[in-house]
Asker: 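Dropping the structure in here first, questions after.
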Protein chains: 2
Amino acid sequence: MSTSARRPRLKGEEVQLLKILAGSGGDHVPVVLTSREAGERIGVSQQAADRYLMALDKEGYVTRTFGARKQRLLLTPLAVDLLRKEYHGYRRIFEGPAKVTFRGTVSSGLGEGRYYLSQPGYVVQFTERLGYTPFPGTLNVRVSPSDMLKVGSVKHWSGIRIDGFQASGRTFGGATCYPGILGGPVSHLIIPDRTHHQDVVEFISAVSLREALRVKDGDGIDVEIREA
Amino acid sequence: MSTSARRPRLKGEEVQLLKILAGSGGDHVPVVLTSREAGERIGVSQQAADRYLMALDKEGYVTRTFGARKQRLLLTPLAVDLLRKEYHGYRRIFEGPAKVTFRGTVSSGLGEGRYYLSQPGYVVQFTERLGYTPFPGTLNVRVSPSDMLKVGSVKHWSGIRIDGFQASGRTFGGATCYPGILGGPVSHLIIPDRTHHQDVVEFISAVSLREALRVKDGDGIDVEIREA
DNA sequence: ATTACTAGGTATCGAGTAC
DNA sequence: TGTACTCGATACCTAGTAA
């Protein structure tokens with residue numbers, strides 16, 4: 001029923017604390033920070049800082065461990081995600097829309113793409129929002145482990161939204177599209193909402209990318225992905 | 001007497017509004033944003049949003065102009081500075097210490113450097129905090145206009161602090177130093193606190209950089225500046 | 001020392017509304 | 001339409017103080 005509980009927005013002071021922790025390496029190792037010092041750093045009392053830290057703990061942004069005297073704080077992935085999103089927001093202001101380029105290898109799909117791209121619920125959205133009716137098949141590109149991290153940051157960008165829907169008694173999830181430059185026709189990267197941290201990304205276009213680019217499984221391919 | 005009035009810290013909501021304005025180009029052109037829409041964007045009422053905008057105006061972060069119906073908002077340099085500082089804070093978390101590289105041309109100093117670098121008040125600080133006693137003369141590098149912007153961002157970085165002092169009945173201002181890589185001996189960029197947006201930056205080292213690098217006025221030179 | 005509770009004062013919010 | 005005021009209600013902060 002409920003995939004995401006209503007998450008009360010974090011206050012500015014709480015985000016500040018997350019930033020301080022991240023700056024001290026709190027994203028990968030527990031960091032000592034007393035509520036008093038936390039309060040001094042953000043300009044509030046020890047009591048208020050402590051409340052913020054308790055709230056951050058309860059909301060799942062930090063995990064606290066108590067030593068004999070002082071607590072240690074470790075950021076959760078949720079917090080790192082939030083900070084990265086903030087970072088990207090600023091980055092976009094000063095550096096413009098983001099893009100990422102990498103080299104991958106063409107890999108065979110599981111045939112799933114064809115099935116999904118045939119669903120009318122998706123087709124109408126693609127046609128409206130992407131400007132073309134997609135060829136019913138995706139070009140799958142395998143990402144090397146060293147590029148996984150930077151490609152993964154794409155999910156924080158603003159993209160073209162494809163909504164989920166219900167049809168034929170089952171649920172089809174949503175996805176987000178990003179303009180992709182593969183050296184051929186206009187195409188888009190698709191990131192399903194429910195992705196499994198795969199090392200394969202999928203591209204769609206109005207025509208068969210395999211044919212248009214004259215590539216086959218195992219070929220290397222240069223890819224650029226842009227923010228929408 | 002008072003160089004900087006006590007500036008009450010901006011609230012999270014106010015910073016959010018600045019971000020929204022910056023994202024709409026409000027840093028260089030007035031942007032239409034009604035208090036109602038502002039409120040919706042940050043999740044508060046029209047009244048609260050309006051109060052925030054009034055406060056931002058009064059504090060000198062935005063300038064408002066009123067048309068027939070809707071107000072237009074333009075960010076001041078103060079606001080852009082604040083956002084850039086935030087950006088850099090996040091950048092440092094995710095990308096590590098910043099650095100910037102550019103190509104400039106060696107230019108003749110005004111001989112001022114020699115005078116300042118002879119002041120004992122400066123010499124003791126340089127020796128202590130930089131690890132060497134500077135040669136009494138600076139290497140001046142002219143920055144091309146296209147690189148001015150990125151070089152200018154250096155002033156937001158964390159650097160090595162040199163404090164101002166009083167001596168011989170006059171005041172000597174403070175400055176901040178940043179490690180510089182010029183292809184020769186260890187050297188530092190110096191940014192005086194009271195800088196005049198010059199297109200010339202100054203480097204110091206333990207020896208004469210002119211001699212060590214065998215450069216003369218007008219020569220091109222590759223420079224890298226790092227965060228401390 | 002810490003973290004964290006209660007009490008009470010104040011800052012801030014949104015509704016209503018004037019302009 | 002807009003912006004911006006007054007006015008209760010309440011959310012939040014700090015001080016005091018347990019644990």
Side-chain angles (χ1 to χ4, degrees), chain A residues 5-21 24-26 29-76 79 82, chain B residues 5-21 24-26 29-76 79 82:
Chain A
R6 205 182 54 73
R7 201 176 285 294
R9 166 142 33 197
L10 245 46
K11 325 194 148 136
E13 289 85 352
E14 292 171 332
V15 177
Q16 279 187 71
L17 287 176
L18 295 182
K19 278 165 64 180
I20 288 171
L21 290 171
S24 310
V29 65
V31 163
V32 172
L33 184 72
T34 68
S35 53
R36 171 170 301 281
E37 190 188 339
E40 280 170 11
R41 296 278 292 269
I42 64 171
V44 299
S45 67
Q46 170 268 322
Q47 293 88 336
D50 189 55
R51 266 199 304 272
Y52 291 141
L53 290 174
M54 282 191 283
L56 287 172
D57 186 10
K58 203 177 71 173
E59 307 266 346
Y61 289 94
V62 303
T63 54
R64 290 189 299 175
T65 54
F66 296 88
R69 315 188 66 74
K70 300 175 180 182
Q71 64 187 335
R72 283 169 185 275
L73 303 163
L74 177 67
L75 297 180
T76 65
L82 177 104
Chain B
R6 205 181 55 73
R7 203 176 284 294
R9 194 201 300 261
L10 243 44
K11 324 194 151 134
E13 288 86 353
E14 292 172 330
V15 177
Q16 279 186 72
L17 288 176
L18 295 181
K19 278 165 65 179
I20 289 171
L21 290 171
S24 308
V29 66
V31 163
V32 172
L33 184 71
T34 67
S35 52
R36 172 169 300 281
E37 190 188 339
E40 279 169 13
R41 296 278 292 269
I42 64 171
V44 299
S45 66
Q46 171 267 323
Q47 294 87 336
D50 189 56
R51 269 197 298 269
Y52 291 141
L53 290 175
M54 282 191 284
L56 287 173
D57 186 11
K58 203 176 72 173
E59 307 266 347
Y61 289 94
V62 303
T63 54
R64 289 188 299 176
T65 53
F66 294 89
R69 315 188 68 73
K70 300 176 178 180
Q71 64 186 336
R72 283 169 183 275
L73 302 164
L74 178 66
L75 297 180
T76 66
L82 176 102

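In this text the structure is predicted, and so the values were computed from the model without any measurement. Below, chains carry the letters A, B, ... as their sequence lines are ordered, and counting in each starts from 1. Only heavy atoms go into these numbers, but all of them, side chains included; no hydrogens, no water, no symmetry mates.
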Asker: If you compare every side-chain N and O of B:R64 against the phosphate oxygens of D:dA4 (OP1, OP2), does one of them come in below 4.0 Å?
Answerer: yes
Asker: Can you tell me if the side-chain N/O atoms of A:S35 get under 4.0 Å from OP1 or OP2 in C:dT3?
Answerer: yes
Asker: For A:L10 and D:dC12, what is the distance between atoms CG and P respectively, to the nearest whole Å?
Answerer: 13 Å
Asker: Taking the side chain of B:T34 as its heavy atoms from C-beta onward, which of D:dT3, C:dC5, C:dT3 lies nearest to it?
Answerer: D:dT3
Asker: With a 4.5 Å cut-off on side-chain heavy atoms, are B:E13 and B:R51 touching?
Answerer: no
Asker: Spell out yes or no: do the side chain of A:Q46 and the base of C:dA4 have one donor N/O and one acceptor N/O closer than 3.5 Å?
Answerer: yes
Asker: A:Q47 side chain: which of D:dG16, D:dA4, C:dT12 is closest?
Answerer: D:dG16
Asker: To the nearest Å, how far apart are B:F66 CZ and C:dC19 C1'?
Answerer: 13 Å
Asker: Answer whether the closest heavy-atom distance between the side chains of A:L74 and A:V62 falls below 4.5 Å.
Answerer: no
Asker: Determine the minimum heavy-atom distance between B:A55 and B:E14, stating which atoms define it.
Answerer: CB-OE2, 3.5 Å
Asker: Consider the side chain of B:S45, meaning its heavy atoms from C-beta on, and name the nucleotide among D:dT14, C:dG14, D:dA4 that approaches it most closely.
Answerer: C:dG14
Asker: Given the structure, check if the side chain of B:E37 and the base of D:dG2 hold any donor-acceptor pair shorter than 3.5 Å.
Answerer: no
Asker: For a quick test of reading the model, state the closest non-hydrogen atom pair linking A:R9 to B:Q16 and the distance between them.
Answerer: NH1-OE1, 3.3 Å
Asker: Heavy-atom count check: over 12 atoms from other residues, nucleotides or ligands less than 6.0 Å from B:R36 CZ?
Answerer: no
Asker: Nearest whole angstrom, please: distance from the C1' of D:dC12 to the CD1 of A:I42.
Answerer: 13 Å
Asker: What integer distance in Å separates A:E13:CD from C:dA11:C1'?
Answerer: 13 Å
Asker: When the distance from CG of B:L73 to P of D:dA4 is rounded to whole Å, what number comes out?
Answerer: 10 Å
Asker: Verify the contact: side-chain N or O of A:R51 to OP1 or OP2 of C:dA4, cut-off strictly under 4.0 Å; return yes or no.
Answerer: no
Asker: Would you please confirm or rule out a distance under 4.0 Å between OP1 or OP2 of C:dT12 and any side-chain N or O of B:Y52?
Answerer: no
Asker: Specify the separation, in whole Å, of atom CE of A:M54 and atom P of C:dT6.
Answerer: 11 Å
Asker: Between C:dT12 and B:K11, is there an OP1 or OP2 to side-chain N/O distance shorter than 4.0 Å?
Answerer: yes
Asker: Roughly how many Å is it from CG in B:D50 to P in C:dA18, rounded to a whole number?
Answerer: 17 Å
Asker: May I have the distance from B:R69 (atom CZ) to D:dT1 (atom P), rounded to whole angstrom?
Answerer: 9 Å
